[in-house]
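This report refers to the structure that appears directly beneath it.
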Amino acid sequence: MDIPKRYDPAVSREKWYQFWLDHNLFHADPKSEKQPFSIVIPPPNVTGKLHIGHALNNSLQDILCRYKWMDGYEVLWMPGTDHAGIATQNVVEKNLAKENLTRHDLGREKLIERIWEWKKEYGDTIIHQLKYLGSSCDWARTRFTMDEGCSRAVREVFVRLYEDGYLYRGNYLVNWCPRCHTTLSDDEVEYTDAKGAFYHIHYPFADGAGHVTVATTRPETMLGDTAVAVHPDDDRYQDLIGKEVILPLMERRIPVIADSYVDREFGTGALKVTPAHDINDFELGKRHNLEQVNIFNDDATINENGGVYQGLDRDECRKRVVADLKTKGLLEKIEEIDHRVGGCYRCNTVTEPYLSLQWFIKMKPLMEEPLKAVRDGRIQFIPKQWENTYFSWVENVRDWPISRQIWWGHRLPVWYCNDCDEITVSRTDPDVCAHCQSVNIRQEEDVLDTWFSSALWPFSTMGWPDKTEELAKFYPTNVLVTAHDIIYFWVARMIMMGLYIMKDIPFEDVYITALVRDSQGRKMSKSLGNAIDPIDVIDTYGVDSVRFTLAILAAQGRNINLAEDRIEGYRNFTNKIWNAARLILAAVEEGETIERDIPPEKLEWADGWILSRLQHAIDAARKGMEAYKFNEASEALYQFIWHEYCDWYLELIKPRLYGEDLVAQAVVKSIAFQALECALRMLHPFVPFITEELWQFLKPLGIPEEDTISIMRARYPDPDPSRIDDSLENEVRKFQQVVYTIRNIRGELNIAPSTVTTVEFKTDNGQEEIFLKQYYPMLTTLCRINKDLIAGADLAPHPAASIGIVDGMEVRVHWPAEVEEKEIERLKKQIEQLNAIVEQRGKKLANPNFTGKAPEKVVEQERQRYEKEKSECEQLTTQLELLTAK
RNA sequence: GGGCGAGUAGCUCAGAUUGGUUAGAGCGCCUGCCUUACAAGCAGGAGGCCGCAGGUUCGAUUCCUGUCUUGCCCACCA
């Protein structure tokens, strides 16, 4: 039976993906009797394009899901996308800019309409790409953080938080662009290094002569100062703490406070405190209950709090303030200083920390359970070290500002009454104020932080707040697969919301993937735009190759710098699998049935050996999968298939496969077939397409699960300990060493492959002679040596042969021609190498510290090795002497 | 500034919770092979003071300390 000479990954990908969809194999049935296994996808941004990080993350999730399907679970992989507030709004606003429009030209409703249109047209890009990758998500359930159900969940949770007293409004400093009149998120502020001036200013004491000198880069903000701060242990300022100083220009009395935040080494060690215009001063001010004096209008001109400076632009104001201080003799000096200035990512205008009213969640009480859940092991991070990252955040959690001054997102279900000023928070849109029944109410303009809806993802996607059968069957989920950089933003908050709303953890395991970095070692991120498109490498090498590469590189808790030649290497591996199958299939006829139960007595050593090795491979693959050690599982399969099954077993069976003996032929076909088929099952989670394609070829030849439509539903193999034969494996290992030895000598001496040489074995061990008799026929095929076995204890030294030693047995390869010089060289080299080892070990054994203190077992082991190596060394030396004496 | 990692072959990376064979893989390199599954292949080979310095130990690439280099997260310096 012939199959195509080349595997075509692109054709295969389309064909089988459609096949799986047509047979509904990704669908999770909540009514199933099977054990549940569930994963919710980390929802990619709708604006997103699949980058290599997604490819890694989703390949691993897919590997887990396919493994669990095969292992008999009912698997739900819940897919969906995130509305990604600011990112998405920005994309659409940029498009508007091309039409010379701003969002203000459109207004809120029209802009949101535009964004929905955009989402409809482009929002599925990443979903298509996930399919391209082979993801086995239950696509019929695909969710979106702003779809109706998720929005209802968001609203319900918000109202509950409010009712339970976890929400409040408070002042908060946001990044403000005075030109765009908009708030900016932290990553929309771009910092640049700049030369600045460092002004040293005298603040006179209120109770008489003298002053304290403060240093600042922003003298104009002093109009809003409400304190001076020093370090509590600073000897220079001990007398000052608790006193008052006069704020120059404003002539206001302000206190001197002590706070360990102040750096004694920096500037003068005395800090002017402007709570309304600096983030640190803001925190400081909160700790000391300082007044927040806002001196700016929203275009960064000075407001009424700035006294005579009202109306001035901030730069103009700075000049005037400095000039006035100089006039009054309060300016001690101006230094140059390097510092960093934050600018608006759009217009580069220097941003201003700006005080505004925001909504907050009180985090401390809500984070108590999440802390316990990880401490007591209900949730565990893999690798475990990431728990530290989690703890460090949870233990020092600050209140979460959840309102955002943009339009795209979940608008807060909060209404303010224009008459009584009370707040109405409601599950349904209210017509009147809940407090005074006035119809004169207005809804909050702000929307919620994107992470708010993400935090509900594990249960909102399953239909909460309704009591659904999905929730009953699949919540909590089994594992979350994500990257470490969102442990704070996302993982911790999901745990919080799960425990608060569902009274149960959202997932048991958190597998933190390594971070795929770009060629310069930089993190790949959505916003940086430096992501490599994995679609390209999929098109070049095939999706299976890309997936296998990612899996085998996915060691725990490390970074991955992806090199393309690696993918090429594993593409060759998929090619190898294909060709191994071709070899088997070429030997069977269409419609032939492969025997499955071969009586043990018909098996030859090679058959028993590969079956034994297969059990180890199954064991390693399973252990790797269960421990999230994808690299170990895939490595074990790679080694088994290429270097055991292909390199050895398929070579060993060729004489029987192509021989006349039909019984022997049937035996090797059966074993080769079964081992291959078993390997395909284990490989399927990693390389689903090629394994499905080959499986479909193999299926009619005798795979027992006749009702199995796809390899996706075939059983994942279990190791069969009765198949393991250690003594046989040891024997074969010895056989392989003999082969290596002969080939090595042939190679080193450049004996042409076509030349048949004579090999003799010197051994005084009866067991070894039996061994040789059994294995010799295969040696002749693999090493091109004479058909007649020459072995015994009384062989005379051979002057025209090279010797290699395997377990004390001399393997003598006779020379076909003049190769003496090369052989002497080779022998010398080997003796030298062996001598070094023997010497080192001898020293170790001569050391009474070692023999006295190391465990008996280790010493004995060392001694045996020493004896063996020493005698081998002597054998070689004898041969060398023989040659050089000639 | 705080925290967490990482430095192993020419390149990209495993290995180390249990210290003890001659430290591995892919790619690259060298030699020889188009042997009827595969040249995307086969056989053989070269290449490593496991960052540096101390310490613990009979023994350290592995454990500890320091140091240099480097990456990431958080806070960003009035």
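All heavy atoms count here, side chains included; hydrogens, waters and symmetry mates do not. Protein chains get the first letters and strands the later ones, always in sequence-line order, with residue 1 at the start of each.
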Q: Check RNA chain B for consecutive Watson-Crick or G-U pairs with both distances under 3.5 Å and list the runs of at least three as stems.
A: B:1-7 with B:68-74, B:10-13 with B:24-27, B:29-33 with B:41-45, B:51-55 with B:63-67
Q: Select one nucleotide: of G32(B), A78(B), G20(B), the one nearest the side-chain heavy atoms of Pro753(A).
A: G32(B)
Q | Nucleotide G59(B), atom P - distance to NZ of Lys853(A) in whole Å | A | 8 Å
Q) How would you list, by chain and number, every residue that makes a salt bridge (charged side-chain N to carboxylate O under 4.0 Å, His left out) with Glu867(A), sequence neighbours excluded? A) none
Q) Tyr488(A) side chain: which of C58(B), C73(B), A78(B) is closest? A) C73(B)
Q: Apply side-chain hydrogen bond (donor to acceptor under 3.5 Å, both in side chains) to Glu832(A) and list each qualifying residue two or more places apart in sequence or on a separate chain.
A: none
(Q) Nearest whole Å is fine: how far is C76(B) P from Leu271(A) CG? (A) 13 Å
**Q.** Separation of atom CD1 in Ile512(A) from atom C1' in C73(B), rounded to whole Å
**A.** 13 Å
Q: Identify, with sequence neighbours excluded, every residue that meets side-chain hydrogen bond (donor to acceptor under 3.5 Å, both in side chains) alongside Thr226(A).
A: none
Q) Counting any heavy atom closer than 4.0 Å, what does Pro848(A) reach on the DNA or RNA strands: base, sugar-phosphate only, or nothing? A) nothing
Q. With a cut-off of under 6.0 Å to the ring centre and 45° to the axis, is Arg6(A) in cation-pi contact with Trp578(A)?
A. no
(Q) Nearest whole Å is fine: how far is C13(B) C1' from Phe630(A) CZ? (A) 18 Å
Q: Give the nucleotide from the list A14(B), C58(B), A78(B) with an atom nearest to the side chain of Asn631(A).
A: A14(B)
(Q) Within the 4.0 Å heavy-atom criterion, would you say Ala854(A) contacts the bases, only the backbone, or no part of the nucleic acid? (A) base
Q. What is the distance from CH2 of Trp400(A) to P of C74(B), rounded to the nearest Å?
A. 16 Å
(Q) Holding to salt bridge (charged side-chain N to carboxylate O under 4.0 Å, His left out), I want the full list of residues that pass it with Asp234(A), two or more places apart in sequence or in another chain. (A) Arg236(A)
Q. Just checking Asn280(A): base, sugar-phosphate only, or nothing, at a heavy-atom cut-off of under 4.0 Å?
A. sugar-phosphate
Q: For the side chain of Thr217(A), starting at C-beta, report the closest nucleotide among C38(B), A78(B), A37(B).
A: A78(B)
Q) Which whole-number value in Å describes the distance from Leu583(A) CG to C38(B) C1'? A) 10 Å
Q: Go along nucleotides 41-48 of chain B 5' to 3' and tag each nucleotide: B for a protein heavy atom under 4.0 Å from its base, S when only backbone or sugar atoms are that close, - otherwise.
A: SSSSS---
Q.
Listing request: all salt bridge (Lys or Arg N to Asp or Glu O under 4.0 Å) pairs with a residue in residues 838-847 of chain A, at least two apart in sequence or in separate chains.
A. Arg841(A)-Glu862(A), Arg841(A)-Glu869(A), Lys844(A)-Glu862(A)
Q) What nucleotide among A25(B), A78(B), U22(B) has an atom nearest to a side-chain atom of Arg566(A)? A) A25(B)
(Q) Within the 4.0 Å heavy-atom criterion, would you say Thr389(A) contacts the bases, only the backbone, or no part of the nucleic acid? (A) nothing
Q. If you look at every strand shown and take non-hydrogen atoms under 4.0 Å, does Arg841(A) touch a base, only sugar-phosphate, or nothing?
A. sugar-phosphate
Q.
Using whole Å, what does the distance between atom P of nucleotide C13(B) and atom NZ of Lys629(A) come to?
A. 20 Å
Q | Sugar-phosphate only, base, or nothing, as touched by Lys844(A) at under 4.0 Å among non-hydrogen atoms | A | base
Q. Is Glu651(A) atom CD crowded by more than 12 heavy atoms from other residues, nucleotides or ligands, each under 6.0 Å away?
A. yes
Q.
For Glu352(A) and His277(A), which I'm curious about, is there any donor-acceptor pair between the side chains at under 3.5 Å?
A. no
Q | Any Tyr658(A) side-chain N or O less than 4.0 Å from OP1/OP2 of A37(B) | A | yes
Q | Atom-pair distance (CD on Glu335(A); C1' on C77(B)), nearest Å | A | 14 Å
Q. P atom, G7(B) versus C64(B): distance in rounded Å?
A. 14 Å
Q) So what does Gln864(A) hit on the nucleic acid, given a heavy-atom distance under 4.0 Å: a base, only sugar-phosphate, or nothing? A) nothing
Q) Among U22(B), G26(B), C13(B), which nucleotide sits nearest the side chain of His643(A)? A) G26(B)
**Q.** Listed nucleotide nearest any side-chain atom of Arg582(A), set A78(B), C33(B), A37(B)
**A.** A37(B)
(Q) For Phe548(A) and Phe573(A), take the angle between the two ring planes, folded into 0 to 90°, and tell me which bin it lands in: parallel under 30, tilted 30 to 60, perpendicular over 60. (A) tilted
**Q.** Lys654(A) vs A37(B): side-chain N/O to OP1/OP2 distance below 4.0 Å
**A.** yes
Q. Nearest to the side chain of Tyr570(A) - C13(B), C38(B), A25(B)?
A. A25(B)
Q. C11(B) and U18(B): how far apart are their P atoms, nearest whole angstrom?
A. 32 Å
Q | Pairing residues for Asp225(A) by the side-chain hydrogen bond (donor to acceptor under 3.5 Å, both in side chains) criterion, not counting sequence neighbours | A | Tyr203(A), Lys272(A), Thr274(A)
Q.
Holding to salt bridge (charged side-chain N to carboxylate O under 4.0 Å, His left out), I want the full list of residues that pass it with Lys576(A), two or more places apart in sequence or in another chain.
A. none
